[in-house]
Amino acid sequence: MDNATGKSPAENLSWKGQAGFVLTALALQVCYPPLEWTWAAWLVLAPLILGLGRGSVSAKGWLATGWALGAVHYGLQFTWLQHALVLVGGVSWPAYVIFHVIVALTLGLAWGGLLGAARWLWLAHGLWPGYSLPPLAALAEYLLGVLPFNGIVWGSLSGAAGLSEAALGLLPLAGAPGLVFVLCAVNSFWAWGWSWSRARLRSRTQGSRRSGGPAPVAGGPALGALSLLAAISAPLWAGMSGAPAGISAETVRPAGFIALAVPGRISMTEMAAGQGRSQVLRSYLARTLEALSLEPPVDGAPLETPVLAVWPESSANGILDREGVLDELSAAAALTGTGILLGGTTRAAPDGAPGPQPAAGEYNSAFIAGSRPEYLRRYDKKRLVPFGEYVPWGFGWIFGDKLTRGEEDFSPGATAPVLEWEGHRLGIAICFESILPAHYREAVLAGAGAMITIANDAWLDGPAKRQHLLLTATRAQEVGREVLFVANLGPSALLRPGEGIAGNPPGGRQPFFTMIRPDRRLTPYSRWGLWASLLFMAALSVTASALHRLQSRLQSRLLHRLPAHGPLNGQGHDPGS
């Protein structure tokens, strides 16, 4: 029951309010592929924030309705699960529907907790939702980056605005949580402006000089105005980064290398139908050799520049063994003078590389077969796709085995996601890992000067493939690294910080050359992670609070200087003057 009205939360929220929540969830979808109107993310939350500070709905009521909003939002975001689970994975329709509902309701709790907490702070402490919602949304963004299953940021607010002009400067400075903080604060500013304007208009029509409108505390409007200023000026900060101490200018930007991206064109149906490993590998190798015959591979690149051919995830279409395919590929790399990076399934067997050897199990791995075959560089995927590469405890009754081939769950790797090649340290992300902030930070802090993502996007439908690429571009902005994204049956491209998507046009599946320029500088977010986000948000909040106090003092001094013999009349003239 609501103490203010004696009604239940459901009774407090009218059908118009419930419809407004659904409309907000629907309006959010225009920010994501296929429409991808990133500018709308800076507007569509304003009606929600405006409604959050009005009415008599309890905190429990807002938690419940926020949960419903989140369930609708994530239910629409994950419609591609039907393609992945039913059309590709062969999961039955009843199992798919149950799983989709579980995903929507679970992730919808993020919105429920967000709005419920904001409403409680308004009712219990008088804290205007436009001031409390930005830090709460930033916290939810951070939690989605680490929970559940090592993080799932699909459909997060940062993904809605990740490639907007404002994100180019905000992401390297404060990461996705900082971007979401500013995003919500700007939406709060529009909500406050609308409410204030309506109150002013109402007061004028009633012949009163009282301005009315909301009474945000601790500088809520000032925070929104500062955030709007930060968003507008953010493109000027796009190059913000600092070189680590002790690194000379010559080694901050080491010499680059040429990458040959070889996207895949093999459907999951063809893989499952038994298109053999040898046939698939011969196809990739033939396309690689054909592309290498072009002269020159990259205009202006020195002839001695090393070349790394990059094939997608699962390009081996089976188990990779050391005494066979990999040695043969190393021989081919030696003949052509290139390296070959490819993905496949491996078992825990010593690969000759220094360091600890993997434990027993099967791994989704990436290899670099080099022209100097002292040993094969190998990275085992650390952050596995739940249900696709392993079945979490308690869900076996829905799925049985994982969706990928083989009855045994994949085992997670234990080493840093970095491989060395020709003097370069390359960060490696295998498919799902490319959307996770923690994975990219780990690679960069381990010395990665550039990132390479290999993916098998045959599991995804069209909009989901595009969103996978955009989320990867968001991670590239955060850490300030070029990312070569090479996918099977999906868009492949070079993602450059401050530039977005370059290289091969998204959707193209032809091999293409590009110059990779490693960078050893660390952005503030790469260096400090969540602390960078917190410092950025604290700086905005403290400045906004200081401006609010300054405004209050100036108004107080102005009132003390007014004539003491009478108030002003409705026309603003002193009757005694």
Side-chain angles (χ1 to χ4, degrees), residues 30-33 35-46 134 137-138 141 153 156-190 193 222-243 252-253 437 440-441 444 450-451 466-467 469-483 485 493-503 506 517 519 521-529 532-541 543-544:
V30 305
C31 307
Y32 303 90
L35 293 178
E36 207 177 316
W37 296 349
T38 55
W39 57 266
W42 302 90
L43 301 172
V44 295
L45 296 179
E141 179 72 24
V153 295
S156 65
L157 289 177
S158 66
L163 285 189
S164 63
E165 288 295 321
L168 299 182
L170 293 173
L171 284 170
L173 179 65
L179 172 63
V180 170
F181 181 90
V182 171
L183 178 74
C184 288
V186 170
N187 275 278
S188 299
F189 184 75
W190 306 134
L223 177 63
L226 281 174
S227 298
L228 180 61
L229 179 62
I232 294 173
S233 61
L236 301 177
W237 314 343
M240 178 176 291
S241 60
V252 167
R253 292 184 179 274
Y440 269 45
R441 280 199 69 234
V444 169
M451 296 292 301
R466 175 68 179 176
Q467 189 163 356
L469 184 67
L470 295 179
L471 286 169
T472 305
T474 300
R475 305 284 81 84
Q477 298 291 335
E478 283 180 328
V479 298
R481 294 293 187 268
E482 292 187 354
V483 180
F485 187 98
L494 176 65
L495 311 173
R496 289 197 178 105
E499 298 181 15
I501 299 172
R517 298 175 176 83
D519 194 342
R521 295 176 297 177
L522 294 178
T523 65
Y525 179 75
S526 298
R527 190 188 298 266
W528 297 304
S533 304
L534 293 176
L535 288 172
F536 173 77
M537 291 185 283
L540 280 181
S541 300
T543 304

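This is a predicted model, so every value here is computed, not measured.
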Report the C-alpha separation of T472 and Y440 in whole Å, then their side-chain angles, then the decisive distance to 0.1 Å, and conclude whether the side-chain contact (heavy atoms from CB on, under 4.5 Å) test is met.
CA-CA 10 Å; T472 305; Y440 269 45; 3.4 Å; yes

Quick one: side chains of residues 169-187, donor-acceptor pairs under 3.5 Å with protein atoms, not counting sequence neighbours, listed by atom name and distance.
unit_1: N187; atom_1: OD1; unit_2: L43; atom_2: N; d: 3.3
unit_1: N187; atom_1: OD1; unit_2: L45; atom_2: N; d: 3.0
unit_1: N187; atom_1: OD1; unit_2: A46; atom_2: N; d: 3.2
unit_1: N187; atom_1: ND2; unit_2: A41; atom_2: O; d: 3.0
unit_1: N187; atom_1: ND2; unit_2: L183; atom_2: O; d: 2.9

Hits for ring-ring contact (aromatic ring centres under 6.0 Å, His included) against Y32, two or more places apart or cross-chain, chain-then-number order -> H73

Check side-chain contact (heavy atoms from CB on, under 4.5 Å) between A40 and all other residues, then give those that pass, not counting sequence neighbours.
V30, C31, W37, V44

How far apart are the closest heavy atoms of W190 and W42, and which atoms are they?
NE1-O, 2.9 Å

Please tabulate, for the side chains in residues 157-166, all donor-acceptor contacts under 3.5 angstrom to protein atoms that are two or more places apart in sequence or on a different chain.
unit_1: S158; atom_1: OG; unit_2: E141; atom_2: OE2; d: 2.6
unit_1: S158; atom_1: OG; unit_2: S156; atom_2: OG; d: 3.1
unit_1: S164; atom_1: OG; unit_2: A161; atom_2: O; d: 2.8

Are side-chain heavy atoms of Y525 and P437 found at a separation under 4.5 Å?
yes

Using modelled atom types and a 3.5 Å cut-off, is there a donor and acceptor pairing between side-chain atoms of R441 and backbone atoms of V479?
no

For the residue pair V483 and A476, what are the closest heavy atoms and their distance?
CG2-CB, 3.5 Å

Can you give me the closest heavy-atom contact between R517 and E482, atom names plus distance?
N-OE1, 3.0 Å

Could you measure the distance from the CG atom of L35 to the OG1 atom of T38? Nearest 0.5 Å is fine.
11.5 Å

4.5 Å side-chain heavy-atom contact, S188 and L223:
no

With sequence neighbours excluded, tell me which residues meet salt bridge (charged side-chain N to carboxylate O under 4.0 Å, His left out) with R475.
E478

Which residues pass the side-chain contact (heavy atoms from CB on, under 4.5 Å) test with L226, sequence neighbours left out?
L540, T543, A544, L547

For a 4.5 angstrom cut-off between non-hydrogen side-chain atoms, does Q477 reach T474?
no

